Protein chains: 2
Amino acid sequence: MMTSSPITIEALVVLDAIEFRGSYAAAAEQLNKVPSALSYIVQKLEEQLNVTLFERQGRRSVLTPAGKHLLVEGRKVLSAMNTLSEQTQTIANGWETKISIACDSILDITPVFSVVGCFLEEHQNIEIDVQEEVMNGSWEALIEDKVDLVIGAPAPVPIQKGIRAIKIGELQQVLVVNKNHQLAQIKQPVNTLELAKFRSVVVHDSAQHEIPRTVNIIEGSRHFYVTSLNQKIAAITAGVGIGYLPKDLIQSLVENGELVIIALVDELPPQDLFIAWKITNKGKGLLRLRNLLSSHFS
Amino acid sequence: MMTSSPITIEALVVLDAIEFRGSYAAAAEQLNKVPSALSYIVQKLEEQLNVTLFERQGRRSVLTPAGKHLLVEGRKVLSAMNTLSEQTQTIANGWETKISIACDSILDITPVFSVVGCFLEEHQNIEIDVQEEVMNGSWEALIEDKVDLVIGAPAPVPIQKGIRAIKIGELQQVLVVNKNHQLAQIKQPVNTLELAKFRSVVVHDSAQHEIPRTVNIIEGSRHFYVTSLNQKIAAITAGVGIGYLPKDLIQSLVENGELVIIALVDELPPQDLFIAWKITNKGKGLLRLRNLLSSHFS
DNA sequence: TTGGTTTGTTCAAAAAATTTGAACAATAAA
DNA sequence: TTTATTGTTCAAATTTTTTGAACAAACCAA
């Protein structure tokens with residue numbers, strides 16, 4: 001006879017709120033409860049688990065290591081629960097109540113939003129949640145069911161069955177530097193090996209669990225890590241280092257002279273960009289959205 | 001305001017039991033309830049989710065596709081919940097669920113793994129995560145709490161209170177070059193100042209935030225940066241430059257004549273290697289692992 | 001076909017749980 | 001010091017859940 005875990009969803013929600021808001025009082029307000037109700041729920045959990053989760057420090061309660069662990073892992077469970085109920089409703093109704101999209105930050109998001117706008121016009125009661133990811137971060141989000149659709153994820157498509165990807169365009173990346181950078185003085189085209197001398201600006205992969213992949217990282221050179229494409233542009237513009245950027249994105253900065261495009265002996269081939277989804281995902285909204293995207297981008 | 005999922009653990013347990021036993025009646029018996037109680041719970045879930053989970057076929061209830069999905073995924077959540085409560089209790093008892101170790105790549109990792117193997121034999125449900133770091137990278141990982149233990153980190157121990165380090169051995173580094181390298185022709189012992197003429201191969205410090213520190217870097221010379229010790233060996237073997245390497249590690253390459261050890265006027269003192277941890281970290285698993293390591297390495 | 005069973009559901013009553021608000025002690029801020 | 005805020009306790013109020021009897025549907029065997 002397998003005795004089920006004493007942890008309830010309710011309790012995890014309460015734990016989450018207490019940590020998030022910083023006090024029982026504030027958490028109670030958020031949950032439309034009264035502080036004593038939370039006290040009751042926490043105590044029940046502590047008793048059934050036989051573990052103290054909060055240590056009272058003065059008039060403030062602070063999580064014990066065990067409590068912290070329960071919270072951190074519990075939040076993952078809560079998130080899984082949310083996607084589970086979304087998925088269940090989607091299967092039952094055919095249409096989803098919410099569609100989550102990951103957009104790779106390498107992509108200009110404006111035309112995507114205009115298509116999404118059309119979709120929302122058609123389907124007033126579907127919510128859309130867009131998040132920005134970098135490189136493997138978008139694939140990871142798809143694989144882990146954090147999103148239903150990724151837009152603009154770069155090749156290679158993960159070798160994993162159950163993922164369908166179609167190309168929606170390609171992106172020409174060029175090497176750019178600040179106008180005063182040493183590299184701007186050298187006569188072009190430059191050999192790729194020469195680049196090893198300079199510090200390069202790299203966007204840190206947003207993937208958390210998968211082995212981060214790095215493309216276009218200039219081998220052997222020193223790196224400067226940033227966490228978004230905008231930071232990368234800013235860093236290069238500020239002269240911190242060199243790096244590859246999408247040609248379209250830096251057009252204006254090149255025109256006003258801030259950035260200089262460096263010609264290479266071996267020009268990078270254009271990078272393929274994909275939209276991708278799981279074939280197990282049969283949602284009608286997803287299908288419709290994909291069709292809209294395909295017809296706007298080809 | 002994020003509204004939490006209507007699915008409860010209780011409901012998932014009921015769903016699981018109904019499917020497993022094949023009927024409400026049998027499931028009720030298993031759960032020490034009465035059939036009507038299960039009926040109530042299922043109906044509540046169906047209502048709140050606005051999804052029918054069971055289709056009544058004759059006197060028997062059968063899962064709809066949505067119900068099947070909820071059950072299959074729900075079982076994963078249930079299992080996660082069980083391990084979560086176990087883990088929480090484990091932590092409360094002073095043990096850890098996972099121990100992260102940084103190994104300096106200068107160290108031969110094989111004997112470490114054999115000790116870790118013993119430890120895992122004793123503690124089947126503790127996970128171990130080993131990562132390789134270089135120079136300050138391992139100290140940084142410890143300071144920033146990315147790992148619980150570093151093994152084989154080189155002196156000096158960071159002057160920072162809260163870190164305990166004990167020496168586990170020393171490492172003799174020698175200067176080596178490819179057999180055809182210019183330096184191999186000069187009469188030995190060589191004065192350290194002479195080395196400035198040659199390009200030296202340097203492992204890039206894996207530290208990200210601290211100011212990277214460089215030991216054994218030949219001052220003033222030109223550098224070639226690589227990202228791992230293996231790359232360093234390969235680069236030196238290929239004749240790209242000169243560099244210091246642990247004596248034991250290049251024994252075979254010296255014997256077959258590929259590499260040549262260069263005697264120096266001022267021979268490097270042997271470098272002390274440490275295991276280190278934070279004294280705030282009171283984990284019993286860490287203590288046990290440290291004891292195992294100490295007894296195997298001294 | 002016809003009884004005898006078994007199944008899940010419904011319902012009102014009973015039991016158990018959660019929630020509430022007032023009172024309180026401990027602490028921090030003024 | 002006073003004042004305000006925090007989390008806890010407790011009995012009462014409220015809500016939720018459980019119960020068992022009654023019931024209708026469906027299966028089974030003869």
Side-chain angles (χ1 to χ4, degrees), chain A residues 1 3-64 66-68 70-71 74, chain B residues 1 3-64 66-68 70-71 74 78 81:
Chain A
M1 166 80 75
T3 164
S4 158
S5 153
I7 307 171
T8 73
I9 294 299
E10 170 80 307
L12 289 180
V13 170
V14 168
L15 226 62
D16 172 60
I18 293 175
E19 206 270 355
F20 180 61
R21 299 299 300 267
S23 75
Y24 279 49
E29 188 193 29
Q30 174 177 330
L31 300 174
N32 298 313
K33 303 226 158 125
V34 99
S36 56
L38 304 195
S39 194
Y40 171 76
I41 291 176
V42 171
Q43 278 178 23
K44 188 174 60 131
L45 179 57
E46 285 186 321
E47 185 187 341
Q48 299 197 326
L49 215 47
N50 196 29
V51 164
T52 57
L53 301 171
F54 285 100
E55 203 76 52
R56 282 164 256 316
Q57 277 189 5
R59 72 184 183 190
R60 207 154 213 90
S61 285
V62 67
L63 285 166
T64 62
K68 184 76 191 168
L70 180 57
L71 175 65
Chain B
M1 165 80 77
T3 163
S4 157
S5 152
I7 308 172
T8 72
I9 295 298
E10 169 81 307
L12 290 180
V13 170
V14 167
L15 226 63
D16 171 59
I18 293 174
E19 206 268 357
F20 180 61
R21 299 299 298 268
S23 74
Y24 279 49
E29 189 193 28
Q30 174 178 326
L31 299 174
N32 300 313
K33 306 229 157 120
V34 100
S36 57
L38 303 197
S39 194
Y40 171 77
I41 291 177
V42 171
Q43 278 177 24
K44 186 173 61 126
L45 179 57
E46 285 186 321
E47 184 188 340
Q48 298 197 327
L49 216 46
N50 197 27
V51 163
T52 57
L53 301 170
F54 284 101
E55 204 74 53
R56 331 273 177 255
Q57 277 188 6
R59 74 184 181 188
R60 210 155 210 87
S61 284
V62 68
L63 285 164
T64 61
K68 183 76 191 168
L70 179 58
L71 175 65
L78 286 179
M81 278 303 218

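The analysis underlying the following values was restricted to heavy atoms, covering all of them including side chains, and did not include hydrogens, waters or symmetry mates. In what follows, chains are A, B, ... by sequence order, proteins preceding strands, each numbered from 1. All figures in this text were calculated on a predicted structure; none of them were measured in a lab.
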Calculate the interatomic distance between [X] atom [atom1] and [N] atom [atom2]; express it in whole Å.
{"X": "A:K44", "N": "C:dA16", "atom1": "NZ", "atom2": "C1'", "answer": "11 Å"}
{"X": "A:Y24", "N": "C:dC24", "atom1": "OH", "atom2": "P", "answer": "22 Å"}
{"X": "A:L53", "N": "D:dG7", "atom1": "CG", "atom2": "P", "answer": "15 Å"}
{"X": "A:Q43", "N": "C:dT19", "atom1": "CD", "atom2": "P", "answer": "13 Å"}
{"X": "B:E29", "N": "C:dG8", "atom1": "CD", "atom2": "C1'", "answer": "16 Å"}
{"X": "B:I41", "N": "C:dA16", "atom1": "CD1", "atom2": "P", "answer": "16 Å"}
{"X": "A:E46", "N": "D:dT8", "atom1": "CD", "atom2": "P", "answer": "8 Å"}

By the 4.0 Å heavy-atom rule, please label [X] as base, sugar-phosphate, or nothing.
{"X": "B:A37", "value": "base"}
{"X": "B:Y40", "value": "base"}
{"X": "B:S36", "value": "base"}
{"X": "A:L38", "value": "nothing"}

Sub-3.5 Å pairs of nitrogen or oxygen atoms, protein against nucleotides 25-30 of chain C:
from: C:dT27; atom 1: O2; to: A:R59; atom 2: NH1; distance (Å): 3.0

